[in-house]
Amino acid sequence: MPRTKGDHEARRRDVSEAVWQVMATRGFAGLTLRAVAAELGATTGLLTHYFPTKRALVAYALDLLEQRTIARPRRPAGKGLIALRHALMDILPLTPEAADSNRIWVSSWDAALSDGELSADYARKYAESRDKLRDRVAAAQELGELLPGNPAHIAAGAQSFTLGLVVQALFDPAAFAPQRQVELLDDYLATLTAPRSSNNDHSARS
């Protein structure tokens, strides 16, 4: 009997899950047609129908990773400084799922750095992330919660700090457990926070 569209979509989902499992357990360095075929319990010949080249497999894996990252549950945005804090916390590997995603992202950097097109795509994605953080920084500044300064520069610093913390947590999860990551993030944000005026302090104590 000829395969239906439903069969084809189901097979694509199976392939996607196999690609994800290989990335989660072996990283990008272990992402090969042979490894995906073994995870799927199929032949490499079947997979060439989906990925005629290794680059096609890598491109698909990156797209799958981005889809899963976007679909991950997010904290409520809120307003001002809390919105910036939540956005940065969403980047950190604070859950097993987030740790898997971050591990795959970091392991994919080597592939991206050796491919001009992928490298440009990564630069674009990080720039878009900085733009979103910049808007949250500016909103917090308008509320008087953050010190004045160039919002774009502050956003770039916050992104860089958070990505560095991601790498530390992946290499040494015992030293950088989720609670410790949040503490370090809050310490960093405290350096950017505008001091409350004496009037506000007096009102809070009254």
Side-chain angles (χ1 to χ4, degrees), residues 28 58-59 61-95 97-171 173 176-197 199-201 204:
F28 251 72
V58 169
L62 291 174
D63 183 58
L64 177 64
L65 175 57
E66 184 170 18
Q67 290 177 26
R68 291 215 174 191
T69 300
I70 292 173
R72 219 167 62 204
R74 304 282 167 169
R75 292 167 179 79
K79 294 182 179 180
L81 182 60
I82 192 65
L84 176 62
R85 181 176 185 267
H86 283 176
L88 296 174
M89 287 178 67
D90 282 338
I91 298 172
L92 295 174
L94 299 177
T95 66
E97 294 79 11
D100 281 346
S101 294
N102 274 293
R103 191 178 298 109
I104 295 169
W105 270 120
V106 172
S107 68
S108 74
W109 288 348
D110 182 60
L113 287 172
S114 61
D115 184 304
E117 186 176 340
L118 290 178
S119 183
D121 188 48
Y122 267 49
R124 175 187 59 79
K125 290 174 182 176
Y126 284 124
E128 290 175 352
S129 177
R130 286 195 300 275
D131 288 344
K132 293 177 182 178
L133 292 176
R134 178 201 61 206
D135 292 342
R136 297 193 179 200
V137 167
Q141 288 176 323
E142 289 179 4
L143 292 174
E145 295 178 328
L146 289 182
L147 294 169
N150 187 319
H153 290 179
I154 295 173
Q159 183 192 58
S160 299
F161 172 86
T162 306
L163 292 177
L165 184 52
V166 166
V167 174
Q168 295 286 349
L170 293 178
F171 277 115
F176 294 89
Q179 181 178 351
R180 181 58 177 155
Q181 293 178 54
V182 174
E183 290 173 351
L184 289 169
L185 175 61
D186 285 340
D187 287 345
Y188 172 77
L189 290 175
T191 67
L192 307 176
T193 304
R196 292 184 299 175
S197 68
N199 286 338
N200 287 340
D201 288 342

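Hydrogens, waters and symmetry mates are skipped; everything else that's a heavy atom, side chains included, is used.
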(request) Give, for atom CD1 of I82 and atom CE of M89, the distance between the pair rounded to the nearest 0.5 Å. (result) 8.0 Å
(request) Can you sort out the partners of K125 under side-chain contact (heavy atoms from CB on, under 4.5 Å), two or more places apart, ordered by chain and number? (result) E66, W105, D121
(message) I need the L185 CG to R180 CZ distance, nearest 0.5 Å.
(response) 11.5 Å
(message) If you compare all heavy atoms of R136 against all heavy atoms of A83, which two are closest, and at what distance to 0.1 Å?
(response) NH1-O, 2.6 Å
(request) Give the intermediate values and the outcome of salt bridge (charged side-chain N to carboxylate O under 4.0 Å, His left out) for residues D131 and R134. (result) CA-CA 5 Å; D131 288 344; R134 178 201 61 206; 3.3 Å; yes
(message) To the closest 0.5 Å, what do you measure between OG1 (T162) and CD1 (I91)?
(response) 5.0 Å
(message) Please check: side-chain N/O of N102 versus main-chain N/O of A98, any donor-acceptor pairing under 3.5 Å?
(response) yes
(message) If we ignore hydrogens and angles and just use 3.5 Å, is the side chain of Q181 paired with the main-chain N or O of L94 as donor and acceptor?
(response) no
(request) Indicate the atoms forming the closest heavy-atom contact of L118 with A111, along with that distance. (result) CD1-O, 4.1 Å
(request) Output the distance between atom CZ (F176) and atom CG (L92), rounded to the nearest 0.5 Å. (result) 11.5 Å
(request) Verify side chain to side chain contact (heavy atoms under 4.5 Å, CB included) between L88 and L165, making sure each step is shown before the conclusion. (result) CA-CA 11 Å; L88 296 174; L165 184 52; over 6 Å; no
(request) Output all residues satisfying ring-ring contact (aromatic ring centres under 6.0 Å, His included) with F161, sequence neighbours left out; order by chain, then residue number. (result) Y188
(message) Show the nearest heavy-atom pair for residues Q159 and L133, with the distance to one decimal.
(response) CB-CD1, 3.9 Å
(request) Check salt bridge (Lys or Arg N to Asp or Glu O under 4.0 Å) between D90 and all other residues, then give those that pass, not counting sequence neighbours. (result) R75
(request) Nearest 0.5 Å please: distance from the CG atom of L189 over to the CG atom of D187. (result) 9.0 Å
(message) Given 3.5 Å as the limit, does a donor-acceptor pair link the side chain of S107 with the main chain of F28, or not?
(response) yes
Under 3.5 Å, sequence neighbours excluded: what are the donor-acceptor pairs made by side chains of residues 142-158?
{"residue": "E145", "atom": "OE1", "partner": "L81", "partner atom": "N", "Å": "2.5"}
{"residue": "N150", "atom": "OD1", "partner": "A152", "partner atom": "N", "Å": "2.8"}
{"residue": "N150", "atom": "OD1", "partner": "H153", "partner atom": "N", "Å": "3.4"}

(request) Could I get the full list of salt bridge (Lys or Arg N to Asp or Glu O under 4.0 Å) partners for R103, not counting sequence neighbours? (result) D100
(message) Run the side-chain contact (heavy atoms from CB on, under 4.5 Å) test against E128 and tell me which residues pass, sequence neighbours left out.
(response) R124
(message) Tell me the closest heavy-atom pair linking L170 and A99, and the distance in Å.
(response) CD2-O, 3.9 Å
